[in-house]
Colleague: 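Sharing a structure here in structure tokens format.
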Amino acid sequence: MAGLADSDSSRFLQACRREPVDRTPIWLMRQAGRYMSEYREIRKSIGMLDLIKRPDLSCQVTMQPIDAFDLDAAIIFADILPPLGGLGLKVGFEAGEGPIVYNPVRDEADVLALATPDIQEATGFTLEAIRLARRELDSRGIPLIGFSGAPFTLACYSVEGGSSKDFIITKRLMMGRPDLWRQLMDKLTGLVGGYLRAQAEAGAQALQLFDTWAGLLSPSDYMEFALPYNQAVIREASKAGVPVIYFSTGTDGILELVAQSGADVIGVDWRVDLGEAWRRIGPGFAVQGNLDPVALLGDWPELKKRAAGVLKSAGGRPGHIFNLGHGVLRDTPVDSVRRLVDFVHEYRFEEGT
Ligand code: CP3
């Protein structure tokens with residue numbers, strides 16, 4: 001299939017493999033979403049969860065930023081929380097409050113009640129959206145990224161029951177009942193590993209693990225309570241033969257541990273200089289990042305300067321994938337995204353401009 005060969009040799013996948021590329025590839029976390037009027041239009045008539053459960057609409061939203069900008073990869077439109085339904089957790093999105101788990105996991109009975117997931121039944125809508133999106137993307141030679149929340153970040157929502165800035169209930173369970181924690185993490189690891197593999201089998205050409213809350217852990221807690229489960233899911237996902245990206249935030253103090261996850265690509269947030277992060281992570285990895293998303297809210301000269309700063313830090317080394325240090329913010333002007341994407345592609349390292 002010609003399209004398949006095209007997207008497999010795309011600059012994004014080449015960079016994941018640390019092969020030299022003609023231009024630095026760029027895609028953006030949360031590249032589909034509320035900053036785009038086309039997305040807001042669809043959301044007027046359908047809720048977030050219902051949208052994710054409609055493969056045709058999920059595919060359509062995945063394509064919106066691809067149609068609007070010269071991006072090097074698409075990411076399937078979904079969320080990290082709906083797969084938790086496979087464990088028997090009831091997930092919802094409430095306006096103004098973000099995600100909610102209505103029956104959070106708080107004690108031994110809750111952990112024992114967790115179901116063994118049927119991946120197809122719990123996530124089949126996203127797997128179907130992946131198949132649909134691949135058809136659209138192949139003709140354009142653009143690869144598709146699948147994703148999942150990492151076990152620790154999913155545990156945060158499962159125990160806390162929703163968003164939090166410090167996830168104290170979760171960390172209390174982890175510290176106070178490590179036996180229960182391990183059982184919960186084993187369940188999540190089975191779900192995430194199976195889900196990632198199923199996405200690759202459905203057509204995802206790279207897989208990203210989002211560990212948004214890993215930065216809440218001390219180095220020794222990360223090593224004991226999160227890292228082994230990341231290693232297990234990445235081992236499982238890697239069997240599918242596609243590159244795995246591990247993204248976390250607030251982990252500048254533990255980058256050396258993050259690099260032990262087994263991922264091919266390490267995504268870093270903006271709190272660390274990209275070149276320094278790369279030195280600490282090591283030369284055997286590709287690195288993704290790491291412009292502060294707030295820079296997209298500012299003037300073009302300032303945005304351009306900051307984007308150039310990221311590129312200079314990467315220094316043209318094979319294996320840099322340009323991205324933000326976290327997701328696109330809702331007030332981001334569409335024009336800033338367009339200018340950023342074009343600037344990254346036009347940037348020449350010799351000139352250093
Ligand atoms: O990156 C993409 O374009 C793919 C789509 C995607 C979404 N969520 C869509 C979404 C991805 C990869 C995610 C991941 C996700 N979801 C994470 C990890 C990455 C991160 O941002 O740290 C987390 C922690 C979640 C959980 C989640 N989902 C939260 C906390 C929220 C509410 C926050 C907010 O911005 O309102 C969501 C909702 C959500 N997920 C939206 C989108 C586009 C906004 C939904 C809407 O109201 O239309």
Side-chain angles (χ1 to χ4, degrees), residues 26-54 57-69 71 73-84 89 91-101 123 125-126 129-130 133 142 144-158 160-165 167 170 192 195-196 199 204 206-216 245-251 267-270 288-290 293 321 323-332 337:
I26 171 169
W27 72 278
L28 305 175
M29 293 183 277
R30 295 277 180 101
Q31 65 191 19
R34 286 169 301 194
Y35 77 102
M36 293 188 77
S37 58
E38 299 91 322
Y39 177 80
R40 293 195 300 272
E41 195 53 40
I42 290 193
R43 280 281 280 106
K44 276 184 191 161
S45 56
I46 189 163
M48 175 67 181
L49 206 52
D50 291 331
L51 168 52
I52 287 173
K53 291 187 172 173
R54 281 269 309 267
L57 294 180
S58 170
C59 171
Q60 194 182 327
V61 171
T62 300
M63 296 306 295
Q64 286 175 346
I66 301 303
D67 289 336
F69 316 110
L71 292 157
I75 180 163
I76 195 65
F77 187 80
D79 194 82
I80 62 168
L81 297 169
L84 292 175
L89 297 178
V91 172
F93 291 92
E94 308 239 335
E97 283 192 69
I100 315 252
V101 175
T123 66
F125 40 87
T126 299
I130 287 174
I142 307 245
L144 178 64
I145 303 167
F147 70 90
S148 170
F152 176 74
T153 290
L154 290 178
C156 283
Y157 289 102
S158 304
E160 212 79 13
S163 284
S164 162
K165 68 177 194 328
F167 288 93
T170 308
V192 172
Y195 181 39
L196 288 172
Q199 290 183 72
L207 297 165
Q208 177 156 322
L209 204 53
F210 284 91
D211 212 353
T212 307
W213 299 111
L216 294 174
I245 308 165
Y246 175 75
F247 167 76
S248 56
T249 77
T251 48
V268 292
D269 73 16
W270 66 89
Q288 178 174 282
N290 71 342
I321 298 156
N323 206 313
L324 305 180
H326 206 159
V328 177
L329 297 165
R330 67 187 299 175
D331 294 328
T332 299
V337 173

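Read the numbers this way: they start at 1 and go in the same order the structure lists the ligands and their atoms.
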Colleague: Identify the protein heavy atom lying closest to atom 11 (C) of ligand 1, giving its residue, its atom name and the separation to 0.1 Å.
Modeller: Phe147 CZ, 3.6 Å
Colleague: Using a 4.0 Å cutoff against the non-hydrogen atoms of Pro99, which atoms of ligand 1 qualify?
Modeller: 27 (C), 29 (C), 30 (C), 31 (C), 32 (C)
Colleague: Looking at Met29, which atoms of ligand 1 are within less than 4.0 Å of one of its heavy atoms?
Modeller: 1 (O)
Colleague: Give, for atom CD of Glu160 and atom OG1 of Thr170, the distance between the pair rounded to the nearest 0.5 Å.
Modeller: 3.5 Å
Colleague: Can you tell me which residue and heavy atom of the protein come closest to atom 34 (C) of ligand 1, and the distance to 0.1 Å?
Modeller: Arg34 NH2, 3.0 Å
Colleague: Would you say Gln199's side chain and Thr126's backbone share a donor-acceptor pair under 3.5 angstrom?
Modeller: no
Colleague: Quick check for you: to the nearest 0.5 Å, what is the distance between Phe77 atom CZ and Gln31 atom CD?
Modeller: 11.5 Å
Colleague: For atom 40 (N) of ligand 1, which candidate among Ile42, Asp79, Thr212 provides the closest heavy atom?
Modeller: Asp79
Colleague: Taking both backbone and side-chain atoms of His326, is any N or O found less than 3.5 Å from an N or O belonging to ligand 1?
Modeller: yes
Colleague: Is there side-chain contact between Asp50 and Leu57, with at least one heavy-atom pair below 4.5 Å?
Modeller: no
Colleague: Output yes when the distance from some N or O of ligand 1 to some N or O of Arg30 is under 3.5 Å, and no in every other case.
Modeller: yes
Colleague: Side chain, backbone, both or neither: which part of Gln208 has a heavy atom under 4.0 Å from ligand 1?
Modeller: neither
Colleague: Does the side chain of Leu209 come within less than 4.5 Å of Thr153's, by heavy atoms?
Modeller: no
Colleague: Are any of the N/O atoms in Trp213 less than 3.5 Å from those in ligand 1?
Modeller: no
Colleague: Quick one: pull up OG in Ser58 and CE in Met63 and give me the separation to the nearest 0.5 Å.
Modeller: 12.0 Å
Colleague: Quick check for you: to the nearest 0.5 Å, what is the distance between Ile145 atom CD1 and Ile76 atom CD1?
Modeller: 11.0 Å
Colleague: Which atoms of ligand 1 are found less than 4.0 Å from any heavy atom of Tyr157?
Modeller: 24 (C), 30 (C)
Colleague: Does an N or O anywhere in Thr153 fall below 3.5 Å from an N or O of ligand 1?
Modeller: no
Colleague: Are any of the N/O atoms in Tyr39 less than 3.5 Å from those in ligand 1?
Modeller: yes
Colleague: Would a 4.5 Å heavy-atom cut-off, applied to side chains only, mark Leu49 and Pro82 as touching?
Modeller: yes
Colleague: Would you call Thr62 a ligand 1 contact, heavy-atom distance under 4.0 Å?
Modeller: no
Colleague: Below 30° counts as parallel, above 60° as perpendicular, anything between as tilted: where do the rings of Phe210 and Phe147 land?
Modeller: perpendicular
Colleague: I want to check something: taking the side chain as every heavy atom from C-beta on, are Tyr157 and Pro99 in contact at a cut-off of under 4.5 Å?
Modeller: yes
Colleague: Enumerate the atoms of ligand 1 whose separation from the nearest heavy atom of Phe77 is less than 4.0 angstrom.
Modeller: 9 (C), 43 (C)
Colleague: Go through ligand 1 atom by atom and flag the ones less than 4.0 Å from a non-hydrogen atom of Ile76.
Modeller: 4 (C)
Colleague: Please write down residue, atom name and distance for the protein heavy atom closest to atom 23 (C) of ligand 1.
Modeller: Ile80 CD1, 3.4 Å
Colleague: So, for Phe152 and Trp213, which heavy atoms are closest and what is the spacing to 0.1 Å?
Modeller: CE2-O, 3.3 Å
Colleague: Have a look at ligand 1 and work out which part of Ala78, if any, has a heavy atom under 4.0 Å from it: side chain, backbone, both or neither.
Modeller: backbone
Colleague: Which residue holds the protein heavy atom closest to atom 47 (O) of ligand 1, what is that atom called, and what is the gap in Å?
Modeller: Arg43 NH2, 2.9 Å
Colleague: Among all protein non-hydrogen atoms, which one is nearest to atom 19 (C) of ligand 1, and what is the separation to 0.1 Å?
Modeller: Phe210 CD2, 3.4 Å
Colleague: Which bit of Arg330 is near ligand 1, meaning a heavy atom under 4.0 Å away: side chain, backbone, both or neither?
Modeller: neither
Colleague: Do Ile42 and Gln64 have side chains that approach each other closer than 4.5 Å (heavy atoms only, starting at C-beta)?
Modeller: yes
Colleague: Show which atoms of ligand 1 fall inside a sub-4.0 Å distance from at least one heavy-atom site of Phe93.
Modeller: 28 (N), 37 (C), 38 (C)
Colleague: Among all protein heavy atoms in this structure, tell me which lies nearest to atom 10 (C) of ligand 1, with the distance rounded to 0.1 Å.
Modeller: Met48 CE, 3.2 Å
Colleague: Within this structure, what is the CD1-CD distance for the pair Ile245 and Gln288, rounded to the nearest 0.5 Å?
Modeller: 4.5 Å
